[in-house]
Amino acid sequence: MQLPLCSRAATTFGHSVALVLVLVLLSVHYSGAVFPSVLRACPRNSTDLDQCIIDVVNELRPRLATGDFGENFTITSLEPIVIDKLAIKRGESFQANFSNFRISGATHEKTGFIVKKLKTDLERRQINATLALPKLQVNSKYDLRMSILVLQIAGKGDLQVNLTDTRVSLKLTFYTETVDGEEYFRFRPITLRVKFGKARFYLQNLFNGDPTLEAVGNQAINENPDVLLDEVKGGIEENLSVLFSKIASEVVKDALFEEVFPWS
């Protein structure tokens, strides 16, 4: 079942990292003045184009925290990442609503995202990237009813999750569209996959704040974190893929293919 995301979900970490990858790609010998000078060009005939793009993305990490790329060019800040609402319902066994969902730490100087792999295939018109996020903290309001083993867990209040070793895989495929005799650069829908590592949950006010039952409920969730993570994973991937595709298309809407990948 799909998770409905409101418009401000555009500030997810995948959004900003995917956008930076797109911007770096467009900086490959791009001659226009639309993109800021901080996007160092990576020549397409470079001895290692992929590593050049990775280096540029890593250099830009501090700017992602504020969204300020200079020269009146800004993107949504990555600190914190904000999603207004997430809603999941899978029968009576799992129902959850999250609001004011905030993710922090994606651009931390020492523990922020790292581009682990990146492969550009100009012949197949494809870019594949794997990002590692060593540490993230999630804070949200929650309203939850779920089953773990024989325990029926319910509560409404504040949620905190510490995530370690999260991985995000992105597949960007591009093509050309002819408009008035000109070939414009376009992206197909972006494929995105999330792989969670370790997670530590704390849900305040489980069982109406009964301290004993609250402790039991949190312990059950932390001993079986995949029960909760698996419920939200598919919907998050689906919605973020749609969202990132829209953003990428907006970024390149006026770019000609020969401007993105000119002959050297």
Side-chain angles (χ1 to χ4, degrees), residues 2 9-10 12-32 34-36 38-61 64 69 75-76 78 106 112-133 166-179 182-196 233-264:
Q2 187 175 6
T12 58
F13 67 84
H15 159 192
S16 298
V17 175
L19 178 57
V20 169
L21 289 173
V22 172
L23 292 175
V24 171
L25 169 64
L26 291 174
S27 74
V28 180
H29 271 261
Y30 188 77
S31 58
V34 176
F35 300 99
V38 296
L39 291 171
R40 175 167 54 86
C42 294
R44 64 180 297 178
N45 59 348
S46 169
T47 56
D48 195 340
L49 174 60
D50 296 332
Q51 187 59 50
C52 179
I53 295 175
I54 290 173
D55 291 342
V56 172
V57 174
N58 287 334
E59 290 170 7
L60 291 174
R61 189 189 297 112
L64 290 173
F69 279 60
I75 65 171
T76 303
L78 200 58
F113 79 85
I114 302 167
V115 182
K116 300 297 290 186
K117 296 179 182 178
L118 187 142
K119 180 65 177 177
T120 306
D121 190 330
L122 297 180
E123 184 175 344
R124 297 177 64 186
R125 300 190 172 188
Q126 196 172 97
I127 303 169
N128 291 281
T130 299
L131 313 176
L133 293 109
T166 302
R167 295 261 174 158
V168 178
S169 298
L170 296 164
K171 179 179 179 181
L172 300 90
T173 304
F174 49 92
Y175 67 103
T176 61
E177 180 184 16
T178 303
V179 179
E182 299 277 12
E183 283 193 312
Y184 284 85
F185 188 91
R186 297 287 187 259
F187 276 112
R188 299 192 186 280
I190 294 173
T191 300
L192 179 145
R193 294 290 181 266
V194 176
K195 183 178 181 180
F196 294 110
K233 181 174 179 286
I236 288 176
E237 291 174 339
E238 183 178 350
N239 280 272
L240 294 185
S241 294
V242 172
L243 186 61
F244 301 164
S245 299
K246 178 177 181 293
I247 294 165
S249 296
E250 291 174 351
V251 171
V252 301
K253 65 184 178 68
D254 295 323
L256 296 175
F257 188 80
E258 64 181 15
E259 292 174 323
V260 179
F261 290 115
W263 292 104
S264 58

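Hydrogens, waters and symmetry mates are skipped; everything else that's a heavy atom, side chains included, is used.
- Applying the salt bridge (Lys or Arg N to Asp or Glu O under 4.0 Å) rule to Glu177 yields the partners Arg186; only residues at least two apart in sequence or on another chain are considered.
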Pairs of donor and acceptor atoms involving the side chains of residues 167-175, under 3.5 Å and at least two apart or interchain, shall be tabulated with distances.
none

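- Gly112 approaches Arg61 most closely through the heavy-atom pair C-NE, 4.2 Å.
- In terms of heavy-atom proximity, Thr176 sits nearest to Glu183 at OG1-OE2, 3.6 Å.
- Atom CG of Leu49 and atom CD1 of Ile127 lie 8.5 Å apart (nearest 0.5 Å).
- The structure places NZ of Lys119 at 11.0 Å from CD1 of Ile54, a figure rounded to the nearest 0.5 Å.
- When all heavy atoms are compared, the tightest approach of Val115 to Asn58 is N-OD1, 4.0 Å.
- For Gln126, the side chain to side chain donor-acceptor pair (under 3.5 Å) test picks out Asn128, with sequence neighbours left out.
- In this structure, OG1 in Thr120 is found 4.0 Å from CG in Asp50, a value given to the nearest 0.5 Å.
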